[in-house]
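Please read all numbers here as calculations on a predicted model, not as lab measurements. We count ligands from 1, going down the list as the structure has it; atoms in each ligand are counted the same way.
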Amino acid sequence: MNVLEIKNISKSFGGVRAVDNCSFSVKKGDVIGLVGPNGAGKTTLFDILSGYVKADSGNAYFYTQGKRINILKMLPHKIANAAGISRTFQNVRLFSNLTIKDHIYIALDNEDTKFWKNIVFKDKLYTMLDEEVSEYIKKYSLEKPLNTLVSDLSYGQRKLLQIALAMLKKHSLILFDEPVAGVNTLVKRKIEDIIRELKEKGETMIIIEHDIQFIRNLADKIVVMDEGRVLKEGVPCEVLEDKKVMEAYLGD
Ligand SMILES: Nc1ncnc2c1ncn2[C@@H]1O[C@H](COP(=O)(O)OP(=O)(O)O)[C@@H](O)[C@H]1O
Ligand SMILES: [Mg+2]
């Protein structure tokens, strides 16, 4: 059963064809590894699927509760809340002067418009007990007091917090943009464990990652993008041995 069907999506920035007639689909419970050299259009595709960037053409059908919806016509908060697509960012997007707990409040919120209210009137909108929040973030290997400022977290801890936040809300598809890029071996192993556990729970995911070994271990299917196009898709062992795929990487 397909959860997502990406059909002929294209997007240009000025003269650059960032995404070029891109199509593939995602089945329920699948872990898709989205790989390709820098500038292949992977992040732009995620930006389109989460509503931050408007595609020039194409469609993306998302299946939820027996309905088919074209998410390209929806605003980011609707995609996140109504459709249930969660994502993490390649460049960690957190507020350095807010605490772990503040970020949990923001993530628990339902509309972008309520965002600041949650910080200003946090006690009124409080929906999770401190112990619950502590337990929750611990599951994501974040053993830090809730009042820790993001500026006091290491890069790896911020990556972990970002994953914890993406998982907090009800969702049926998760988009991970380079979850282990730039983290040390220890954090990388933790993130790999977290993602493997999510996979075992049956979560559906698309993971952009440069670390081929990491992707080979986790993915059911690999989609290779190059210059905005899908160069090849299939099971990991087959795709990663393909000559064209190797060339795309060596050319990077
Ligand atoms: N907001 C933007 N404005 C202009 N060009 C962009 C923008 N976002 C991405 N690009 C360009 O689109 C292409 C694809 O980028 P990106 O999607 O970030 O690739 P990847 O994530 O695969 O490395 C690159 O050439 C990049 O410079
Ligand atoms: Mg990218």
Side-chain angles (χ1 to χ4, degrees), residues 4-26 30-60 71-72 74-77 79-80 85-94 112 155-156 158-163 165-166 173-183 187-188 191-192 195 205-216 218-219 221-234 236 239-240 242 244-252:
L4 177 68
E5 288 165 5
I6 296 166
K7 303 245 192 223
N8 310 106
I9 291 184
S10 293
K11 173 72 190 177
S12 295
F13 294 107
V16 179
R17 272 203 156 238
V19 178
D20 189 1
N21 206 25
C22 180
S23 303
F24 65 91
S25 46
V26 182
D30 258 359
V31 176
I32 309 285
L34 184 57
V35 305
N38 276 329
K42 307 178 297 294
T43 297
T44 303
L45 184 63
F46 271 16
D47 287 341
I48 291 169
L49 295 177
S50 40
Y52 295 104
V53 165
K54 281 268 156 272
D56 297 333
S57 56
N59 290 298
I71 52 172
L72 298 200
M74 292 165 70
L75 293 169
H77 72 272
I79 295 176
I85 300 180
S86 269
R87 79 171 279 187
T88 69
F89 292 88
Q90 183 173 353
N91 305 309
V92 181
R93 290 190 185 180
L94 300 168
D112 292 353
Y155 180 75
R158 288 178 208 197
K159 283 277 205 195
L160 289 165
L161 177 58
Q162 218 199 2
I163 296 173
L165 295 172
L173 173 68
I174 320 157
L175 309 175
F176 284 111
D177 198 348
E178 303 201 17
V180 294
V183 304
V187 176
K188 189 162 148 186
I191 294 176
E192 192 165 351
I195 295 180
M205 304 175 239
I206 308 178
I207 308 174
I208 296 175
E209 191 44 68
H210 280 295
D211 186 325
I212 292 298
Q213 204 48 50
F214 179 84
I215 281 298
R216 190 196 287 272
L218 286 166
K221 177 168 108 171
I222 288 189
V223 175
V224 186
M225 279 181 80
D226 188 30
E227 295 180 351
R229 285 182 292 264
V230 173
L231 187 69
K232 176 125 186 138
E233 64 173 289
V239 168
L240 297 173
D242 187 88
K244 272 195 296 181
V245 172
M246 294 303 287
E247 278 165 10
Y249 271 102
L250 292 173
D252 187 20

Within 45° of the axis and under 6.0 Å from the centre of the six-membered ring of Phe46, does NZ or CZ of Lys42 qualify? no
What is the closest protein heavy atom to atom 1 (N) of ligand 1, and at what distance does it sit? Phe13 CE2, 3.7 Å
For the atom pair NZ (Lys244) and CG (Asp226), what is the distance rounded to the nearest 0.5 Å? 10.0 Å
Between ligand 1 and Ala40, is the shortest N or O to N or O distance under 3.5 Å? yes
Heavy-atom contact under 4.0 Å between Gly41 and ligand 1? yes
Donor-acceptor under 3.5 Å (Ser25 side chain, Glu5 main chain): no
Could you tell me the separation between the NZ atom of Lys11 and the CG atom of Asp47, rounded to the nearest 0.5 Å? 10.0 Å
Using a cut-off of 2.8 Å, how many protein N, O or S atoms lie below it in distance from the Mg ion (ligand 2)? 2
Is at least one protein non-hydrogen atom found at under 4.0 angstrom from atom 7 (C) of ligand 1? yes
What protein heavy atom lies closest to atom 12 (O) of ligand 1? Include the residue and the distance to one decimal. Ala18 CB, 3.3 Å
Ile9 vs Ser23 side-chain heavy atoms within contact, under 4.5 Å: no
Among all protein heavy atoms, pick the one closest to atom 15 (O) of ligand 1 and tell me residue, atom and distance. Thr44 OG1, 3.8 Å
Which heavy atom of Gly228 sits nearest to which heavy atom of Cys22, and what is that distance? O-CB, 4.0 Å
With heavy atoms of Asn38 as the reference, note each atom of ligand 1 found under 4.0 Å away. 23 (O)
Between the side chains of Asp177 and Thr43, is a donor N or O closer than 3.5 angstrom to an acceptor N or O? yes
Identity and distance of the protein heavy atom lying nearest atom 22 (O) of ligand 1: Lys42 NZ, 2.7 Å
Quick one: closest heavy-atom pair of Leu218 and Ile195, and the distance? CD1-CG2, 3.8 Å
Closest to atom 23 (O) of ligand 1 among protein heavy atoms sits Gly39 N, 2.8 Å
Could you tell me whether Thr43 approaches ligand 1 through its side chain, its backbone, both or neither, with non-hydrogen atoms closer than 4.0 Å? both
Quick check on atom 27 (O) of ligand 1 - does any protein heavy atom sit closer than 4.0 Å to it? no
Give the numbers and elements of all ligand 1 atoms closer than 4.0 Å to a heavy atom of Val16. 25 (O)
Ile32 pairs by side-chain contact (heavy atoms from CB on, under 4.5 Å) with which of Leu4, Val223, Ile208? Val223
Please confirm whether the backbone N or O of Ile222 pairs with a side-chain atom of Lys232, one donor and one acceptor, at under 3.5 Å? no
Closest heavy-atom pair, Gly51 versus Pro76, reported as atoms and distance to 0.1 Å, is O-CG, 3.4 Å
Centroid-centroid under 6.0 Å between Phe176 and Phe89 rings: no
